[in-house]
Amino acid sequence: MTADVAVDLISHALKLIMLIVAVLIAPGMIVGLLMGIFQAATQINEQTLSFLPRLLVTLLAIALAGHWLFNALMDFCVEVFRRAPTLVG
């Protein structure tokens, strides 16, 4: 395995990880921010008020983007196995 192949493989893996995390975490962060602003404006300090909407939005993001995320991971795994002879030597 040459250094170029290793760097390309790791770079592709890190990009895929960042994309998956962004798809799953970003909606929850946005809803958490909106709920924090709402709680600060109304002075309601109930923990479930901020937790439950973030949980539901994260589950909705998994439900909507799950098929695409699975396909992206599957494509990456297929590519790694396809490139296995070049990775060994």
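By convention here, the first residue in the shown sequence is residue 1. The figures here come from the full heavy-atom set of this structure, side chains too, leaving out hydrogens, waters and symmetry mates.
- In terms of hydrophobic clustering, with Ile, Leu, Val, Met, Phe, Trp and Tyr side chains grouped at heavy-atom distances under 4.5 Å, V21 and M29 are assigned to a common cluster.
- Here the closest non-hydrogen pair linking L49 and M35 is O-CE, 3.2 Å.
- Note: L9 CG to D4 CG = 12.5 Å, rounded to the nearest 0.5 Å.
- In this structure, L55 is not a member of the same hydrophobic cluster as I62, with clusters built from ILVMFWY side-chain heavy atoms closer than 4.5 Å.
- Summarising the geometry of G28 relative to T58, their closest heavy-atom pair is CA-OG1, 4.2 Å, with the distance given to 0.1 Å.
- By the rule that hydrophobic residues join a cluster once side-chain heavy atoms approach within less than 4.5 Å of another member, L56 and L34 end up as members of separate clusters.
- With rounding to the nearest 0.5 Å, the separation of CG in L24 from CG in L69 is 5.5 Å.
- Placement of L73 and W68 within a single hydrophobic cluster is found when ILVMFWY residues are connected by side-chain heavy-atom separations under 4.5 Å, directly or transitively.
- Both L16 and V80 sit in one connected hydrophobic cluster of ILVMFWY residues. Membership requires side-chain heavy atoms under 4.5 Å apart, directly or through other members.
- Across all their heavy atoms, R54 and V31 have their closest contact at N-CG1, 4.1 Å.
- For residues 9-40, every residue pair satisfying the ring pair (Phe, Tyr, Trp, His ring centres under 6.0 Å) rule, not counting sequence neighbours, is listed here: H12-F76.
- Nearest heavy-atom pair across P27 and A61 is CG-CB, 4.2 Å.
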